[in-house]
Asks: 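Dumping the structure here so I can ask a few things about it.
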2 protein chains.
Amino acid sequence: MGYNARRAALSIIELFLERLAPYGLKPVDFSVMSTIHHNPGVTSRQLCAALNLLPPNLVGLIQSLEARGLIERKPHPHDGRAVGLHPTDQGIALMQQAEQTASDLEVEKTSRLTAAQRKTLLDLLQKIYL
Amino acid sequence: MGYNARRAALSIIELFLERLAPYGLKPVDFSVMSTIHHNPGVTSRQLCAALNLLPPNLVGLIQSLEARGLIERKPHPHDGRAVGLHPTDQGIALMQQAEQTASDLEVEKTSRLTAAQRKTLLDLLQKIYL
DNA sequence: TATTGTTATACTCTATAACTATA
DNA sequence: TATAGTTATAGAGTATAACAATA
């Protein structure tokens, strides 16, 4: 099961890398940007917990996304230690396109599955790790 | 989909590493040994194709498994360039136990799924990458 | 004392180029 | 010329320890 899930993931990621390259987003960048996009003000720690990343490995990603003007770091309203991460207008525009591209490639890569099977597959996978 | 498949795979692999450590087998070692176990005489190239590995990364694995006395390298009957990989009695004995352990942990890790759902999940995953 | 974010660094995994021996 | 196996090495991904600032 672990083997098959890994092979399926790598198969999708292979096409993902190709299709999302024009946006300058690798899978981890995409998942970070997507989480910030749909949860403005999220902190680094929350991102790490949600995406199963380690804090030291997130630092460079955040710095890179900020340098590209895709996100902004704002002081957290209630915690002076934390920093809220917000998408810029440019980041929002990029993610709207990137998420459509990702959705399209996912359907293409799972073209041997029906829509119902795609939903079943997602549900079963999440029952394993959530 | 790629994200969920990866998270599920990593979740299973995490427990796999723990449970198979007593056998000295990491996931890639297990899949290599399992393929040799069930396909005695298989070549390195065939292993690479079946498991999606690159030849340079297989060399060290094979040498390690041979040094541990789990496999033997025998001349290929029809191709002087190739080497057939065969499990030793010790390797067969190890894999019989290791495969049972792996099967058990897989059922445990997917305990929120029924047997029918486990089969469905495997079928759907294979439809993506095969 | 615990937590957020960070730096430095080590370790593992994966990928590429080039070589040899044989087909 | 093409393929099997190998070597060396580069690059990406992942991991731990330790630190400053704030709770």
Side-chain angles (χ1 to χ4, degrees), chain A residues 2-3 6-7 9-14 16-18 20-21 24-32 35-36 39 41-67 71-86, chain B residues 2-3 6-7 9-14 16-18 20-21 24-32 35-36 39 41-67 71-86:
Chain A
Y3 174 79
R6 182 162 189 273
R7 287 293 300 269
L10 288 174
S11 173
I12 297 171
I13 289 170
E14 184 180 24
F16 186 101
L17 286 170
E18 179 184 326
L20 275 292
L25 295 175
K26 282 183 286 191
V28 65
D29 304 311
F30 178 87
S31 56
V32 166
T35 304
I36 296 173
N39 303 274
V42 69
T43 69
S44 289
R45 284 284 164 172
Q46 290 171 329
L47 272 176
C48 287
L51 302 177
N52 199 31
L53 300 173
L54 292 171
N57 300 331
L58 186 60
V59 175
L61 299 178
I62 296 296
Q63 290 176 342
S64 174
L65 294 172
E66 187 185 22
I71 61 172
E72 280 180 335
R73 294 157 41 106
K74 300 180 183 176
H76 192 281
H78 304 311
D79 190 334
R81 298 169 301 182
V83 178
L85 303 172
H86 301 259
Chain B
Y3 174 79
R6 182 163 189 273
R7 288 293 301 270
L10 288 174
S11 173
I12 298 171
I13 289 170
E14 184 180 23
F16 186 101
L17 286 169
E18 180 184 324
L20 275 293
L25 295 175
K26 282 182 284 190
V28 65
D29 304 311
F30 178 88
S31 57
V32 166
T35 304
I36 295 173
N39 303 274
V42 68
T43 68
S44 289
R45 284 284 164 172
Q46 290 171 327
L47 273 176
C48 287
L51 301 176
N52 200 30
L53 300 173
L54 292 172
N57 299 331
L58 187 60
V59 175
L61 299 178
I62 295 297
Q63 290 176 343
S64 173
L65 295 172
E66 186 184 23
I71 61 171
E72 280 180 335
R73 294 156 42 106
K74 301 180 182 176
H76 192 281
H78 304 311
D79 189 336
R81 298 168 301 179
V83 178
L85 303 172
H86 301 259

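Below, read A as the first sequence line, B as the second, and so on, with proteins coming before strands; counting in each chain starts at 1. Note that these values count all heavy atoms, side chains included, but never hydrogens, waters or copies made by symmetry. Quick caveat: nothing in here was measured; it's all calculated off a predicted structure.
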Asks: Restricting to side-chain contact (heavy atoms from CB on, under 4.5 Å), what partner residues turn up for A:Glu14, sequence neighbours left out?
Replies: none
Asks: Can you name the side-chain contact (heavy atoms from CB on, under 4.5 Å) partners of B:Thr35, sequence neighbours left out?
Replies: B:Asn39, B:Leu47, B:Leu51
Asks: What integer distance in Å separates B:Gln63:CD from D:dA8:P?
Replies: 11 Å
Asks: Where along residues 42-51 of chain A does a heavy atom come under 4.0 Å from DNA chain C, residue by residue in number order?
Replies: A:Thr43, A:Ser44, A:Arg45
Asks: Please list all pairs meeting salt bridge (charged side-chain N to carboxylate O under 4.0 Å, His left out) that have one or both residues in residues 43-57 of chain A, counting only residues at least two apart or in different chains.
Replies: none
Asks: Judged by each residue's nearest nucleotide on DNA chain C, which is more toward the 5′ side, A:Ala82 or A:Val59?
Replies: A:Ala82
Asks: What is the distance, rounded to the nearest whole Å, between atom CD1 of B:Ile13 and atom P of D:dA15?
Replies: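 After rounding, the gap between these two atoms is 11 Å.
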Asks: Taking A:Pro27's backbone N and O only, do any of them form a donor-acceptor pair with A:Ser31's side chain (distance below 3.5 Å, no angle check)?
Replies: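 Yes.
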Asks: Which whole-number value in Å describes the distance from B:Ile62 CD1 to D:dT7 C1'?
Replies: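 In whole Å, D:dT7 C1' lies 16 Å from B:Ile62 CD1.
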Asks: Please report the distance, rounded to the nearest Å, between CG in A:Leu85 and P in C:dT4.
Replies: 13 Å
Asks: Going by the salt bridge (charged side-chain N to carboxylate O under 4.0 Å, His left out) test, which pairs reach into residues 50-59 of chain B, not counting sequence neighbours?
Replies: none
Asks: Using the test side-chain contact (heavy atoms from CB on, under 4.5 Å), find all partners of A:Gln46 that sit at least two apart in sequence or belong to another chain.
Replies: A:Val42, A:Thr43
Asks: With sequence neighbours left out, what residues match A:Asn57 under side-chain contact (heavy atoms from CB on, under 4.5 Å)?
Replies: A:Leu54
Asks: Measure from CG on A:Leu61 to C1' on C:dG5 and round the result to the nearest Å.
Replies: 14 Å
Asks: Side-chain N or O of B:Lys26 versus OP1/OP2 of C:dT12: is the shortest distance under 4.0 Å?
Replies: no
Asks: Quick one: bend of the helix from C:dT1-D:dA23 to C:dA23-D:dT1 from 5 pairs per end, to 10°?
Replies: 10°
Asks: Looking at residues at least two apart in the chain, or sitting in another chain, which of them share a side-chain hydrogen bond (donor to acceptor under 3.5 Å, both in side chains) with B:Arg73?
Replies: none
Asks: Identify, with sequence neighbours excluded, every residue that meets side-chain hydrogen bond (donor to acceptor under 3.5 Å, both in side chains) alongside B:Ser11.
Replies: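 Once residues adjacent in sequence are excluded, the partners of B:Ser11 under the side-chain hydrogen bond (donor to acceptor under 3.5 Å, both in side chains) criterion are B:Lys109.
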Asks: I need a per-nucleotide contact map over nucleotides 14-23 of chain C, read 5' to 3'. Cutoff is protein heavy atoms under 4.0 Å; write B for the base, S for backbone only, - otherwise.
Replies: BBBB----BS
Asks: Tell me every residue that passes side-chain hydrogen bond (donor to acceptor under 3.5 Å, both in side chains) with B:Arg7, counting only those two or more places apart in sequence or in another chain.
Replies: B:Tyr3
Asks: What integer distance in Å separates B:His76:NE2 from D:dA4:C1'?
Replies: 10 Å
Asks: Can you tell me how far apart CD1 (B:Ile62) and CD1 (B:Ile71) are? Round to the nearest 0.5 Å.
Replies: 4.5 Å
Asks: Tell me: CZ of A:Arg73 to C1' of C:dG5, nearest whole Å?
Replies: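 Distance check: A:Arg73 CZ to C:dG5 C1' gives 8 Å.
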Asks: Return the value, rounded to whole Å, for the distance between atom CD1 of A:Ile71 and atom P of C:dG5.
Replies: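 Distance check: A:Ile71 CD1 to C:dG5 P gives 12 Å.
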